[in-house]
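Next up is a structure, given as C-alpha cells.
Proteins get letters first, then strands, A, B, ... in listed order; numbering begins at 1 in each. No hydrogens, no waters, no symmetry mates; every other heavy atom, side chains included, goes into these values.
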Number of protein chains: 2
Amino acid sequence: MDFIKNSTFNITYRKMDDKKNPKHCGACISKMPIFNSLTEEQIDLINQVRCRVKFNPGEVIFKQGTAMTHIIVINEGLVKVYIEGIDNRNLILRFVKPVSIIGGPGFFTDYKNHVTTMAVEETSACFIDIQTLTDIIKQNKDFAISLLQWVNNHTLLNYYKFIELTQKGMHGRIAGALLYLHNDVFKEQNGEISIKRQDLADLTAMSKESAIRILKELKDENIISVDGNTIILNKIDNLNNISFRG
Amino acid sequence: MDFIKNSTFNITYRKMDDKKNPKHCGACISKMPIFNSLTEEQIDLINQVRCRVKFNPGEVIFKQGTAMTHIIVINEGLVKVYIEGIDNRNLILRFVKPVSIIGGPGFFTDYKNHVTTMAVEETSACFIDIQTLTDIIKQNKDFAISLLQWVNNHTLLNYYKFIELTQKGMHGRIAGALLYLHNDVFKEQNGEISIKRQDLADLTAMSKESAIRILKELKDENIISVDGNTIILNKIDNLNNISFRG
DNA sequence: TGGAATGATTGATAAATATCAATGCGTTAT
DNA sequence: ATAACGCATTGATATTTATCAATCATTCCA
C-alpha cells in the first residue's frame, strides 16, 4: 500500500510524503469540527479511500474548470484559493492552513472546480473522493448539517469580503488583508506574516504597484516593518483603525 | 385562523393578504425544485405553520443584524436582498421574484440575518419558522442535500459577482447588471426592466451619479431607451459585448 | 562567473471614479 | 396653490487607482 508500482517505466517508488503519513486519519479529522459527527466506521472508510499527496510551492492542486472529483484536507503547509478572472487577473478568496477541508460550490451542483487551489508553501493534502463523501452524507444527517453550517460560514465570510472589496479604499483593504493574514493565517507568529506582493494585490483586488505603494506608506509610518516577503505588524491598533475607516 | 384578534385595541381585522392566500401551499412548493423531496406530511406541516404577510414597496422584511427566526417564500411581488455596508452604502446581492425562497448564512451558524430584505414592489411572503424547517431537514436527508445544492449554487453566483465587481469597469458592470435584470428578474417582459437609479448603483457598487452617466451614454448610443425607472434593452448583443469586455 | 529569469520598487502619467453643488421635476402634504 | 420632499440629472472638480516604463535586487542555473 505504501509503495506504488509504475508499470509503464517498471519503477517501484515510495509513495510521496509517506514518511509523515499517519497510520490513520482519525487524528486529522478530530481537529476539524465539521467531522465531529462521523462514526468510527465512517472515519475508517475515509481512511481507506483517502490518498495523501505532497505539493511544492507554486503547484496547482485543483484547477478551475476541471471536474470536481475529490475534496481535500490540508495536512501541512499553506495553500491559496483563488478565482481566475478576466485578463489573467486572479482574486484570492482565502488562504487555507492545516488542518482544514477545501471543497467548493461544485459539490451537489455541476461537479466542477470553480476556483484554483495552489500550494504556497510545501503542502501535503489528503484527497477524498466525492462519492465516498456523498455516501457518508446520505448516511449521516448530522454530517449534512455540519456541511451546511460550514458552507454558510463561508458565505458569511464572502459577504464581509464583498464589503471589504467594494466599499473600502486601498489603504483600508491592505490593512484589512494584513490583519486577516495575522489573525487567521499566521496566528501565533508574533505579528509576523509572509506574502508575495502579487498575492497581496490579488487578495485586495488592486494592482501590484498600488499594493507596494500602500505597503511603503505603512512602512514609512512605522506601522509595519518589511523584509522581503516578511511583514511585521508593529501597530495592530493602527491597522485596525485604517481598516475600519476604510 | 384567517382572522386575528388584536386584544390591545379590541379590533378584529382581516389577516393581510387573506384573499389571495391559497388554501394549501403545495402549489407554491411544487414550483421550487429545492422542495422536491418533501413528503406530503412535511408539506402539510409547512402549510400549517407558515404565515403569509403582505409588504408595501420600501418596507423591510428582514433587517440585517436581527435574529433569524424564519425563512420566507416570496409569493408575489419583488424584493431586493442587500448588505448594509459602510457609511450607509448598500450592496445589492440579488433581486428575488416569485416563487423563491430566501434564507441566509445565519442558518445553522449564528441565527442572525446578515442581509436586509426589502420589498421593491408590493410583495407577499410566507414565513416559515426555522425550527420547523430544521425538523424537516433532520427527517429528510434528500432535502438536506437540496439545501446544500441551493447554497452552493448561491456561492457560485457570489463568485461571479466577485469578478463582476472587482475586475470590470463601470460600463461592463452596468451592462452586466442590465442583462442580469433582463435575464433573471424581468424575464419575458420584452427587454423591459425597471429599476431606480440608486438601486442600480447599489447593484454595481458605484455612485448613483456614475450609474446615471453610464446609462446616459448607453441611451445616446441607442443601446437602451430610458423612461423614468423603465429601461428598454434595444441591443442585447451590444450589451453582452460591453459586459464581456469589462 | 555571467546571464536569464523572477519579483520588487519607483516615478511619471493617464484613466477611472467619486464628490460636491446646483438645478429640475414630479408628487405629496398642508 | 404652495411648500416640502424625494429622486434624477448635469457640470465642474478632486481623488483614487491603474498603467507604463525603467531600474534594481536576488536567485538560479549552465
Side-chain angles (χ1 to χ4, degrees), chain A residues 56-59 80 85-92 118 120-121 163-178 193-220 224-231 242 245-246, chain B residues 56-59 80 85-92 118 120 163-177 193-220 224-231 242 245-246:
Chain A
N56 291 317
E59 287 183 345
K80 60 179 172 181
I86 299 167
D87 276 337
N88 294 315
R89 285 174 63 192
N90 299 327
L91 179 69
I92 295 178
M118 180 186 280
V120 174
E121 300 172 358
I163 297 305
E164 190 78 16
L165 294 183
T166 63
Q167 301 193 348
K168 286 185 177 178
M170 293 196 302
H171 291 80
R173 299 213 295 282
I174 290 287
L178 296 178
I193 66 177
S194 170
I195 189 169
K196 286 192 196 181
R197 299 297 178 272
Q198 185 64 60
D199 280 351
L200 188 59
D202 291 345
L203 185 59
T204 51
M206 69 182 71
S207 71
K208 186 179 57 168
E209 293 93 329
S210 290
I212 288 169
R213 272 181 253 267
I214 309 288
L215 229 40
K216 182 181 158 66
E217 286 182 45
L218 292 174
K219 191 182 69 175
D220 289 347
I224 61 174
S225 307
V226 177
D227 176 22
N229 288 344
T230 299
I231 301 172
I242 296 169
R245 284 201 322 264
Chain B
N56 292 319
E59 287 182 345
K80 60 178 173 182
I86 299 166
D87 276 338
N88 293 316
R89 285 175 65 194
N90 299 327
L91 178 70
I92 295 178
M118 179 186 281
V120 174
I163 298 304
E164 189 78 17
L165 293 182
T166 62
Q167 301 193 349
K168 285 186 178 178
M170 293 196 300
H171 292 79
R173 300 214 296 281
I174 290 286
I193 66 177
S194 171
I195 190 169
K196 285 192 199 182
R197 300 298 178 271
Q198 185 64 59
D199 280 350
L200 187 59
D202 290 346
L203 186 59
T204 51
M206 68 183 73
S207 72
K208 186 178 59 167
E209 293 94 329
S210 290
I212 287 169
R213 272 181 253 268
I214 309 288
L215 229 39
K216 181 182 161 64
E217 285 182 45
L218 293 173
K219 190 181 72 177
D220 289 346
I224 62 173
S225 306
V226 178
D227 177 23
N229 288 346
T230 299
I231 301 172
I242 295 170
R245 284 202 321 264

Grab the CD-C1' distance between Q198(B) and dT19(C) for me, whole Å please.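 Computing the Q198(B):CD to dT19(C):C1' distance gives 14 Å.
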
Shortest side-chain distance from K208(A), nucleotide among dT9(C), dT17(D), dT9(D):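 Side chain of K208(A) sits closest to dT9(C).
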
On the nucleotide dG7(C), are OP1 or OP2 found under 4.0 Å from the side-chain N or O atoms that N229(A) carries?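 Negative; the distance criterion is not met.
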
If only atom types and distance count, is the side chain of R173(A) paired as donor or acceptor with the main-chain N or O of K168(A) below 3.5 Å? yes

Treat primed atoms plus P, OP1 and OP2 as sugar-phosphate and everything else as base, then score nucleotides 20-26 of chain C 5' to 3': B for base contact with protein heavy atoms under 4.0 Å, S for sugar-phosphate contact only, - for none. B------

Whole-Å gap separating C1' (dT9(D)) and CG (L200(B)):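 In whole Å, dT9(D) C1' lies 15 Å from L200(B) CG.
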
Rounded to the nearest 0.5 Å, what's the gap from CD1 on I242(B) to CD1 on I214(B)? Could you check?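 It is 9.5 Å, given to the nearest 0.5 Å.
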
Out of dT17(C), dT19(C), dA8(C), minimum distance to the side chain of S207(B) belongs to dT19(C)

Counting neighbours of CG on N56(A) that are heavy atoms of other residues, nucleotides or ligands and sit closer than 6.0 Å, is the number greater than 12? yes

Is the shortest side-chain heavy-atom distance between L218(A) and I231(A) below 4.5 Å?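 No. Closest side-chain heavy atoms not under 4.5 Å.
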
When the distance from CE of M170(A) to P of dA16(C) is rounded to whole Å, what number comes out? 16 Å

Quick check for you: to the nearest 0.5 Å, what is the distance between I86(B) atom CD1 and T166(A) atom OG1? 8.0 Å

Without decimals, in angstroms, what is the distance between I174(A) CD1 and dA18(D) C1'?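 Nearest whole value for this atom pair: 14 Å.
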
Is there a side-chain polar atom (N or O) of S210(A) under 4.0 Å from OP1 or OP2 of dA18(D)? yes

Contacts of type side chain to side chain donor-acceptor pair (under 3.5 Å), residue T230(B), not counting sequence neighbours: none

Does OP1 or OP2 of dT9(D) have a side-chain N or O of K216(B) closer than 4.0 Å?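 Answer is no, no contact under 4.0 Å.
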
R173(A) CZ to dT16(D) P: how many Å, rounded? 12 Å

Taking OP1 and OP2 of dC7(D), is either one under 4.0 Å from a side-chain nitrogen or oxygen of K196(B)?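 Checking dC7(D) against K196(B), a side-chain N or O does come within under 4.0 Å of OP1 or OP2.
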
Mind calculating the distance between CG (D227(B)) and C1' (dC7(D)) to the nearest angstrom?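 Atom CG in D227(B) sits about 15 Å away from atom C1' in dC7(D).
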
Can you find a pair of side-chain heavy atoms, one from Q198(A) and one from N90(A), that are under 4.5 Å apart? no

Between D220(B) (CG) and dT9(D) (P), how many Å, whole number?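 Checked: the CG to P distance equals 12 Å.
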
Protein-nucleotide distance (I212(A), atom CD1; dA21(D), atom C1'), rounded to Å: 14 Å

